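The structure displayed is predicted, hence computed values, not measured ones. Counting convention: from 1, in listed order, for ligands and their atoms alike.
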Amino acid sequence: MNQLPDAFLSRMKEMLKDEYSAFEASYSLPRQYGLRVNTLKISPEEFQKISPFHLTPIPWIPNGFFYSEEDRPARHPYYYAGLYYLQEPSAMSPASRLEIQPGDRVLDLCAAPGGKATELGARLRGEGLLAANEISNSRAKALLKNIELFGIPNSFVLNEAPYRLAEVFPEYFNKILVDAPCSGEGMFRKDPAVAGTWTSERPKEFAKLQREILPAAAAMLSPGGLLLYSTCTFSPEENEGVVSFLLESNPKLHLLHMEGYEGFSQGIPDWGNGNPELLKCVRIWPHRMNGEGHFMALFQKEGSSLNHSGADASLPLRKEDRKILEAFFQDIVMPLDWRRVEVRGSKAYYLPSPSPAVRGPRFLRNGLCLGELKKNRFEPGQPLALAMKKSHYPSVLSLAPEDPRVIRYLKGETLSVERHETSRPDGYQLVCIKDFPLGWGKLVRGVLKNKYPAGWRIR
Ligand SMILES: C[S@@+](CC[C@H](N)C(=O)[O-])C[C@H]1O[C@@H](n2cnc3c(N)ncnc32)[C@H](O)[C@@H]1O
């Protein structure tokens with residue numbers, strides 16, 4: 001670990017007093033590696049059975065595991081099947097403490113690269129809406145890819161400033177996560193470069209930004225709805241200070257207790273405006289548990305939930321498009337509500353329900369991309385493959401993890417396939433690793449043409 005900034009250390013000394021030496025000593029310990037199972041695709045128990053990694057459950061996250069540095073799960077084909085997300089263990093906490101029910105209207109306002117949005121989306125189980133927003137265009141693209149990899153079928157991916165979204169979605173969402181841009185003091189052990197960019201001005205600058213973002217989130221929260229604010233930093237002004245500001249400026253918001261864990265510490269009222277309610281906030285300290293550091297506050301807005309029963313907005317499907325789509329989808333054993341299928345340009349999408357008719361915000365994706373309509377035929381898309389189960393498609397090439405063709409498939413190479421390996425001798429095959437789809441291939445006389453998208457291929 002490089003030398004930490006002096007101004008940071010002396011502020012932490014003042015904050016932590018007797019505990020400071022334990023905090024400082026935690027920086028000489030190795031960082032923690034975490035993996036969160038995608039429960040849309042596999043249960044944590046089943047994953048443990050098939051996983052080749054050294055996993056130990058993370059006690060405060062039901063689907064989270066510590067893994068060993070030598071495991072390298074980012075290189076394993078299961079990663080490309082979207083079976084898990086690699087995430088620092090304390091960063092798993094915010095999404096786990098925002099209760100999600102299938103059917104909820106969920107907004108992740110600062111979502112890229114998707115560490116928390118993928119978990120929120122998985123817990124919707126395909127019902128309701130996940131709106132994942134990211135202000136930076138390049139980061140929003142990474143977010144989209146992670147949402148597609150996870151197979152989340154009911155999402156919007158947006159690229160907007162929070163205040164612009166607030167104009168479009170007044171009191172619309174009943175669950176909102178604001179995992180705010182912050183000075184990142186809890187990242188110093190994981191990513192020493194963050195320590196290099198820290199200055200003593202950073203907390204104040206970020207607190208200003210957080211005070212701009214949170215009112216927009218509060219305006220989009222429906223009565224009775226829940227808002228979780230989180231940062232990965234320790235500075236009081238970005239945490240208890242910002243929470244105090246939000247409570248003072250929004251009298252309808254109240255703090256709630258979160259499901260505890262022995263290592264969680266309370267917020268400190270004196271680090272905000274002295275309001276004893278701040279004790280309900282949670283601080284994760286690296287010297288008190290096996291995580292790098294986080295802060296969370298869970299708010300509820302007064303009132304009871306509004307009924308958003310507005311009709312879903314989808315364009316009518318042209319007869320000829322539907323005919324082409326039906327020819328492909330008649331084979332797929334996956335429930336499809338045709339009122340939610342929309343063709344834009346040459347691409348077909350499956351819209352979430354609800355799918356509010358909104359104008360104005362920049363969308364990177366509105367619904368699940370099913371694939372492309374070509375002249376009188378349909379080419380299924382990569383996001384569709386990842387949102388499917390092996391049992392949904394009648395002809396599957398199921399490869400064992402150790403089969404060298406898995407890596408060759410992920411590299412975009414053409415594969416040889418024996419006749420007995422698929423049910424159909426030609427046409428589209430859903431290529432799977434064990435039971436989990438990786439993408440499409442098209443079989444012609446024993447040769448599988450690779451349909452794995454060029455931008456996703458491994459080198
Ligand atoms: C802590 S990161 C989010 C991490 C993400 N939730 C995850 O778990 O993968 C904060 C995000 O806020 C975005 N951001 C920066 N300025 C912003 C602003 N003014 N309004 C909204 N988001 C902003 C950053 O681009 C960054 O992606």
field: Pair Trp285 and Phe234, ring centroids less than 6.0 Å apart
entry: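 Between Phe234 and Trp285, which both carry aromatic rings, the centre distance is below 6.0 Å.
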query: Atom CE in Met220, atom CG in Asn174: separation rounded to 0.5 Å?
result: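 If we round to the nearest 0.5 Å, Met220:CE and Asn174:CG are 13.5 Å apart.
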- prompt: So which residues, sorted by chain and number, lie with a heavy atom under 4.0 Å of ligand 1?
  reply: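 If the criterion is a heavy atom under 4.0 Å, then ligand 1 touches Cys110, Ala111, Ala112, Pro113, Gly114, Gly115, Lys116, Glu134, Ile135, Arg139, Pro162, Asp179, Ala180, Pro181, Leu209, Ile213.
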Ring pair (Phe, Tyr, Trp, His ring centres under 6.0 Å) partners for Phe206, two or more places apart: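 By the ring pair (Phe, Tyr, Trp, His ring centres under 6.0 Å) rule, Phe206 matches no residue at all.
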- prompt: Of all residues at least two apart in sequence or in a different chain, which pass the ring pair (Phe, Tyr, Trp, His ring centres under 6.0 Å) check with His76?
  reply: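 Testing His76 for ring pair (Phe, Tyr, Trp, His ring centres under 6.0 Å), a comparison that skips the adjacent residues, returns Phe53, Tyr78.
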field: Pairs involving residues 278-288, ordered by first then second residue, that meet salt bridge (charged side-chain N to carboxylate O under 4.0 Å, His left out) (sequence neighbours left out)
entry: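 As it turns out, the salt bridge (charged side-chain N to carboxylate O under 4.0 Å, His left out) pairs with a partner in residues 278-288, which skip direct neighbours, are Glu19-Arg288, Glu240-Arg283, Glu277-Lys280.
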task: I would like to know whether Lys301 and Leu227 meet side-chain contact (heavy atoms from CB on, under 4.5 Å); could you show each step before the answer?
output: CA-CA 8 Å; Lys301 196 184 239 184; Leu227 163 65; over 6 Å; no
